[in-house]
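Just so it is clear: chains get the letters A, B, ... in the order the sequence lines come, proteins before strands, and each one is counted from 1.
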Protein chains: 2
Amino acid sequence: MDQVESALGLSVDIDGNVVPVREKTPQVRRVGARCAHCSSPRVSDILSRWFELIVCTGCVRARPELYSLHSKTAAKEEYLLADEDLSELPFMMRANSRHPSWAPVQLFLAKHLHIQALRKHGGTEESLMQAFEERERRRTLLRQSRGRLPQRLHFTQDVDLSGTESAPPADLLSDPLEHRHDWREETSIDGETAVVCSTCRVPASGHVRRRSPSPGPGSPPDRKRANRRGQAAQPTWTRGSEAALVSPGPAAAEAPGAPLFGHFDLSSGSDTD
Amino acid sequence: MDQVESALGLSVDIDGNVVPVREKTPQVRRVGARCAHCSSPRVSDILSRWFELIVCTGCVRARPELYSLHSKTAAKEEYLLADEDLSELPFMMRANSRHPSWAPVQLFLAKHLHIQALRKHGGTEESLMQAFEERERRRTLLRQSRGRLPQRLHFTQDVDLSGTESAPPADLLSDPLEHRHDWREETSIDGETAVVCSTCRVPASGHVRRRSPSPGPGSPPDRKRANRRGQAAQPTWTRGSEAALVSPGPAAAEAPGAPLFGHFDLSSGSDTD
DNA sequence: GCTGTTTACTAACAC
DNA sequence: GTGTTAGAAAACAGC
Ligand SMILES: [Zn+2]
Ligand SMILES: [Zn+2]
């Protein structure tokens, strides 16, 4: 499997706080890196810069259940996770397209969210599904007791990397969710060393709080990793350069700004190196 | 209806804190007071001293669903109430018969608890029953998600005023729960004026937090009444004379101490003046 | 959408 | 049994 030498940049503002954003692309990128699924050279820029994943745009489009991006709020709602369960995951930051003055959106990778959800809720698809049903029953009770329903959420800021056109490559590898995690690699993130799977980049421990007593297999080494955001009293995103926060870096030629409803269409081919 | 001139005593400890206990019997008791149900003169001493209710021991025995006494813990569990819903109700204090060194038991009147439960949960027996079922379903969900069950409670300190023998009078009045509350009387409790129904002695407002949007009839005047216990940092019952706290007063010739399991048998006739 | 605060409700503990 | 505390989950409010 192709490996990438990862070297993540730090951003330090005038107060000396570490801004929890990966600003730079991996400094050393193997020439001719190829998609982990199909070996195509048209690698997704967003995934490689923000998530250290080498996947071609074709495979990204073909597997939205793995490679779509979800806001923090959506992640908690749709994957039954809490703040703490997300604290160890990498995320992409992006300005809120509808309310530019609000806090930037934090976008998590569907693949990571699914892994964390399984870790938290019993380890199997079935136990996870039961957890969802339990929550639904619980909410139904609450709603009918209060007589009111707290209106559905819309998640207008989620990002679908799949775009619209372009046929997916037919020769996808097996589902990366079913690979065996490889914890041998140690990565440096914001000055802290961390253990992430060299294939899917999910953190080894993830600090999930399990709901079910069964530990479930597949996450042995539990070395601590500091939370990426320091305990800032003020919102960190107001102190640094906002431009630096919502784009991977000056060297990145990212896709055009979201048109409306926060959708992010990379189908025109701009999400490749 | 027979009225009783109520004058409740206060207890002030060396720190000047008002001890939330009614120490004395109503100072003026109408000679020949008679049961509100059947006009019998054998009035229950406990109910008249602690709850200002004039009911004969026969009627007390006949209607345990109205006149039994329940500890605060039992009240919350069995009537679906919270601390705040009990804060305005009168209660009798009594030493914990199994653990005399523990805090005194607070005993509430079943009739009052039922009224508060109805006020809180929709106003009808049916809505109240639904609320109970909802709680049970909610707890079932919690239990199966946590895998464990938090052991049943026993309520060994509840008091059954009905005793064992003695036939109930056949000529009971209609259920006092169905009378129309009479808020015209204003009573002084621990130095604060309060509005209570002159028939059943339930407070006018009761500070219930309703769960259902429907207000329901039957509790118009909402004058504020201070919480009977000040914000004591230390347990108030350790500062005064304990004897004074667990009995209505020195003048009271109360029933003998509870034999075991906290049961309080007044059937031998000691619960009358 | 993100963050912090507030509000029930539950469980665990000490007395 | 009572009071206190801590935890999880939901609802609000500002930004
Ligand atoms: Zn590919
Ligand atoms: Zn009677």
- prompt: Parallel, tilted or perpendicular for A/Phe108 and A/Phe91, by the 30°/60° rule?
  reply: tilted
- prompt: Can you name the residues that form a salt bridge (charged side-chain N to carboxylate O under 4.0 Å, His left out) with A/Glu136, not counting sequence neighbours?
  reply: A/Arg143
B/Ala103 side chain, from C-beta outward: closest of C/dG1, C/dT3, D/dT2: D/dT2
- prompt: Is the aromatic ring of B/Trp102 within stacking range of C/dC15, meaning centres under 5.5 angstrom and planes under 30 degrees?
  reply: yes
message: Applying salt bridge (charged side-chain N to carboxylate O under 4.0 Å, His left out), can you list everything that pairs with B/Arg135, at least two apart in sequence or on another chain?
response: B/Glu77
- line: Among D/dG3, C/dT10, C/dC2, the one nearest any side-chain atom of B/Gln106 is D/dG3
Contacts of type side-chain hydrogen bond (donor to acceptor under 3.5 Å, both in side chains), residue B/Glu84, not counting sequence neighbours: B/Arg209
- request: Would you indicate, yes or no, if D/dG3 has its OP1 or OP2 atom less than 4.0 angstrom from a side-chain nitrogen or oxygen of B/Lys72?
  value: yes
- prompt: So, is B/Ser101 close to the C/dC15 phosphate, meaning a side-chain N or O under 4.0 Å from OP1 or OP2?
  reply: no
query: Quick one: ring-ring contact (aromatic ring centres under 6.0 Å, His included) partners of A/His70, sequence neighbours excluded?
result: A/Tyr79
- prompt: When you measure from every atom of DNA chain D, which of residues 127-140 of chain A have a heavy atom less than 4.0 Å away?
  reply: A/Arg138, A/Arg139
statement: Of D/dG3, C/dG1, C/dT3, the nucleotide closest to the side chain of A/Ser71 is C/dG1
task: Check side-chain hydrogen bond (donor to acceptor under 3.5 Å, both in side chains) between A/Ser127 and all other residues, then give those that pass, not counting sequence neighbours.
output: A/Thr124
